[in-house]
Amino acid sequence: MPKTPTIAGIRSHYNLPTIFSATDKTFHRQRKRILSPAFSIKYVASLEPLIQSCVKSLIKKIDSLSKSSFKSSDLLLNSTSNQFSENNLPTINLYQLIQFCALDIIGETAFGGSFDMVEKGSHPLPIKILEEMKRRVLNHTFPYFRMFFKKDPWLDEFISKIIKTRIEENSKATKQRIDILQILLNSYNPLKQSSPTTPVDVTDGKTMSDFEIQDQIMEFLIGGTDTSAFTIIMAIIMLLQHPEKLRNLRLELESAFPELQNHVTSGECEHEDDLFLPTHETLKSLKYLNAVIDETLRLFPITLGGIMRQTTEDTIISNHLIPKDTIVSASIWKLHRSKQIWDQDVDEFVPERWFDLNPKIRNDAYYPFGSGSRLCIGNNFALMEVRIIISALIGNFDFVPKEGADLQIVQFITPSLRSKKFEVEVTRLRESKNYDINNN
Ligand code: HEM
C-alpha cells in the first residue's frame with residue numbers, strides 16, 4: 001500500500017519527492033536502487049572508522065567533563081546544560097551529548113565532515129533544518145499563507161557548497177572518500193535541472209540533480225539523528241532504572257572485551273588510549289546487548305502515532321472491508337505493547353524475553369524499522385551506531401540520574417524527551433564507588 005499523498009507536505013516542493021516522501025512506486029524503486037548501496041551491510045561496515053571517530057570525541061568529551069572540578073571547570077561553566085550536582089560532582093545533559101554525537105555521525109558520513117557538535121556545542125545546520133521542516137508543515141497546512149513562510153536561503157547555499165567542493169575534490173584526487181555523499185554523487189546528473197521552482201518529472205528517479213542530492217542528504221539528517229539518539233537515551237534510561245540488567249550488560253561486555261577489565265582496574269592510567277572503544281564486529285553478535293536494543297525499540301518505537309498508508313482499491317484487512325482511498329494507520333506502539341502477544345509483563349523492560357521468543361512474534365508483531373518495501377533504509381547503519389554508542393557509554397562511565405527528571409515523550413516527526421534533557425552525574429567507571437570489579 002502506498003504512503004498517503006499528504007506525505008508530500010514534508011517535501012521541499014510538492015513535485016519533488018525523496019525516498020521517504022515518495023508515493024509513486026516506480027520513483028520509489030528507482031530512488032531506492034540509487035541509495036541502497038550506501039546502506040548495505042558491507043558498505044555500512046566500511047563507514048565504521050567515521051562513526052568511531054565521532055564516538056571517540058563523545059567519550060573524550062564526557063571523560064573531560066567527568067574530571068572537571070569547581071576550580072578547573074571552564075568547559076562546564078561555559079555550557080548551559082552541564083553543571084555540578086549538590087555533591088559537587090560534574091552533571092552533564094547526556095541526552096544532548098548523544099544527539100550531538102548522532103548529528104556529528106551524519107555530518108561525517110553524509111555531509112563530508114563532522115559538524116563538531118560534541119566538541120563545540122553548536123552548529124547552525126540542525127536548527128536551520130528544523131526550521132525548514134516547520135516551514136514545510138505550515139506551508140502544507142495553511143496553503144493560502146505560503147507567501148509568509150519564506151525559505152531561508154542559508155540551507156540550500158550551505159549544502160550546495162558541500163556538494164560543489166566534493167565534486168571539485170573528486171576531479172583532483174586519485175582516490176574518492178568512502179561515504180554516503182559519494183554514493184549519491186555516483187548518480188549525479190549535471191544536466192538534470194531541478195530546484196524547488198522547477199520540479200522534476202516524478203517518474204525520473206534514475207539519476208539525481210544537485211538539488212535532489214542536497215534534499216536527500218537533508219532527509220538523512222532528519223530521519224537518522226533524532227531516531228538513533230532517542231533509541232540510545234531510552235536504552236540508557238532503562239538500564240539505569242534496572243541495575244541488574246545494566247550489570248548483565250557490563251558482564252557481557254567484559255567477557256567479549258577482556259581489555260575492558262584492564263580499563264576498569266588500571267586505576268592510574270589517564271592517557272587517551274585508555275578509553276574503551278568497542279568494535280562493531282564483536283558487538284553485533286552480543287546476545288544481551290542486542291536484546292537490550294530490541295527491548296528498547298519494542299517499548300519506545302520511533303513511530304509512536306503509527307505508519308500511515310492509503311488504499312488504492314477496496315481492500316480486505318483482518319476481515320474488514322476498507323474502501324478505496326481510505327487512509328489507514330497501524331499503531332506500532334499498541335502492537336508492541338499488546339498483552340495478548342507479549343504477555344502480562346508487556347510494559348516492563350525485560351531484555352531476557354528475546355532469548356527464547358517465538359520467531360513468529362518477531363516476524364509478525366515487531367516493526368521498529370517498519371516493513372516491506374518501505375523498511376527503514378538506514379536500519380543497518382542505525383544498529384551499528386546504537387550498539388557502539390551504548391557499549392562505549394556503559395563500558396567507560398558510571399551515570400547517576402538527577403532526581404525528578406522529566407521523562408515525558410513528545411513527537412514532532414520523530415519522538416524526543418519533552419525536556420530535551422537527561423541530566424546525570426558522571427564518573428569514570430573505574431573510579432566509581434558504585435562499581436566493584438568482582439561483584440560489579
Ligand atoms: C534507531 C534508529 C531508527 C529507527 C527506529 C528508524 C525507523 C524507521 C521507520 C519505522 C521507518 C518506516 C516509516 C514508514 O514506513 O512510514 C523508517 C524509514 C526510513 N528511515 Fe529510518 N530509522 C532509524 C534510523 C535511520 C537512519 C540512521 C537513517 C539514515 C541515515 C534512516 C533513514 C530512513 C529513510 C530514508 C526511510 C524511508 C525509507 C523508504 O521509504 O523507503 N533511518 N525508519
Side-chain angles (χ1 to χ4, degrees), residues 1-4 6-8 10-11 17-40 43-44 47 50-51 54 98-99 101-111 129 179-181 183-184 205 212 215-235 290 292-310 327-333 335-336 366-390 411 413-416:
M1 234 182 269
K3 289 195 174 177
T4 144
T6 53
I7 194 82
I10 64 158
R11 295 179 190 160
T18 51
I19 186 165
F20 183 82
S21 66
T23 48
D24 180 85
K25 263 192 174 172
T26 311
F27 176 89
H28 180 260
R29 203 177 318 115
Q30 290 171 336
R31 180 55 63 87
K32 198 168 172 176
R33 200 168 293 148
I34 291 181
L35 302 179
S36 293
F39 294 98
S40 69
Y43 198 75
V44 166
L47 301 177
L50 299 178
I51 297 181
C54 299
I98 292 171
Q99 281 178 312
C101 182
L103 280 162
D104 284 349
I105 287 174
I106 287 290
E108 192 68 82
T109 53
F111 286 77
I129 287 184
D179 64 9
I180 295 172
L181 177 60
I183 297 274
L184 268 65
E212 285 177 291
D215 216 23
Q216 195 57 73
I217 55 174
M218 200 172 115
E219 182 166 275
F220 292 150
L221 191 145
I222 298 161
T225 49
D226 281 353
T227 44
S228 304
F230 178 71
T231 306
I232 295 164
I233 198 66
M234 292 320 292
N290 286 302
V292 163
I293 296 168
D294 280 336
E295 186 66 347
T296 306
L297 285 166
R298 180 186 71 78
L299 283 170
F300 306 102
I302 63 114
T303 44
L304 300 179
I307 294 180
M308 293 221 280
R309 298 289 189 268
Q310 187 157 334
I327 294 177
V328 291
S329 167
S331 172
I332 303 299
W333 176 277
L335 182 66
H336 285 189
Y366 181 59
Y367 295 107
F369 292 105
S371 82
S373 65
R374 305 307 290 258
L375 182 83
C376 173
I377 198 170
N379 67 348
N380 295 324
F381 184 99
L383 284 173
M384 170 150 109
E385 178 181 11
V386 169
R387 285 179 189 128
I388 295 177
I389 297 182
I390 293 176
Q411 182 146 20
I413 304 179
T414 49
S416 59

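Computed from heavy atoms alone, side chains included, the values below leave out hydrogens, waters and symmetry copies. Whatever order the structure lists them in is the order used to number ligands and atoms, beginning at 1.
Atom 34 (C) of ligand 1 has its closest protein heavy atom at Ile377 CG2, 3.8 Å. Protein heavy atom at the shortest distance from atom 24 (C) of ligand 1 is Thr227 OG1, 3.5 Å. With respect to atom 18 (C) of ligand 1, the closest heavy atom belonging to the protein is Cys376 CA, 3.5 Å. Of the protein's non-hydrogen atoms, the one nearest atom 38 (C) of ligand 1 is Leu375 O, 3.9 Å. Closest protein heavy atom to atom 41 (O) of ligand 1: His28 NE2, 2.6 Å. If you check which protein heavy atom lies closest to atom 37 (C) of ligand 1, you get Phe20 CD1, 3.4 Å. Among protein heavy atoms, atom 6 (C) of ligand 1 sits closest to Phe369 CD2, 3.6 Å.
Ligand 1 lies nowhere less than 4.0 angstrom from a heavy atom belonging to Met308. Within the structure, ligand 1 has Arg309 among the residues with a heavy atom less than 4.0 angstrom away. For Lys3, the closest heavy-atom approach to ligand 1 falls below 4.0 Å. Heavy-atom separations between Arg374 and ligand 1 include at least one value shorter than 4.0 Å. In this structure, Phe39 counts as a contact residue of ligand 1, since one of its heavy atoms falls inside 4.0 Å of the ligand.
Residues Ile105 and Ile389 form a side-chain contact, since some pair of their non-hydrogen atoms from C-beta on lies under 4.5 Å apart. Here the side chains of Thr414 and Thr225 are not in contact, with every heavy-atom distance at 4.5 Å or above.
Residue Pro368 has at least one heavy-atom neighbour below 4.0 Å for each of these atoms of ligand 1: 5 (C), 7 (C), 10 (C). Near Ile19, meaning under 4.0 Å from one of its heavy atoms, ligand 1 places the atoms 35 (C), 39 (C), 40 (O), 41 (O). Short contacts between ligand 1 and Gly223, defined as distances under 4.0 Å to a heavy atom of the residue, involve ligand atoms 24 (C), 25 (C), 26 (C), 31 (C), 42 (N). Of all the atoms in ligand 1, the ones that sit under 4.0 Å from a non-hydrogen atom of Gly370 are 10 (C). Atoms of ligand 1 found under 4.0 Å from any heavy atom of Thr231, numbered from 1 in the order shown, are 1 (C).
To the nearest 0.5 Å, atoms CD1 (Ile332) and CZ (Phe369) are separated by 12.5 Å. Separation of atoms CD1 (Ile217) and CD1 (Ile180) is listed at 9.5 Å; rounding is to 0.5 Å.
Here the side chain of Asn380 pairs a donor or acceptor atom with the backbone of Phe39 at under 3.5 angstrom. Between the Ser36 side chain and the Lys32 main chain, a donor and an acceptor come within less than 3.5 Å of each other. Side-chain N or O atoms of His336 include one that pairs as donor or acceptor with a backbone N or O of Tyr367 at under 3.5 Å. A donor-acceptor pair is defined here as one N or O able to donate and one able to accept, closer than 3.5 Å; such a pair exists between the side chain of Arg374 and the backbone of Phe20.
By the criterion of a heavy-atom distance under 4.0 Å, the side chain of Phe381, and not its backbone, is placed next to ligand 1.
Here atom 28 (C) of ligand 1 lies nearest to Gly224 when heavy atoms of Ala330, Ser21, Gly224 are compared.
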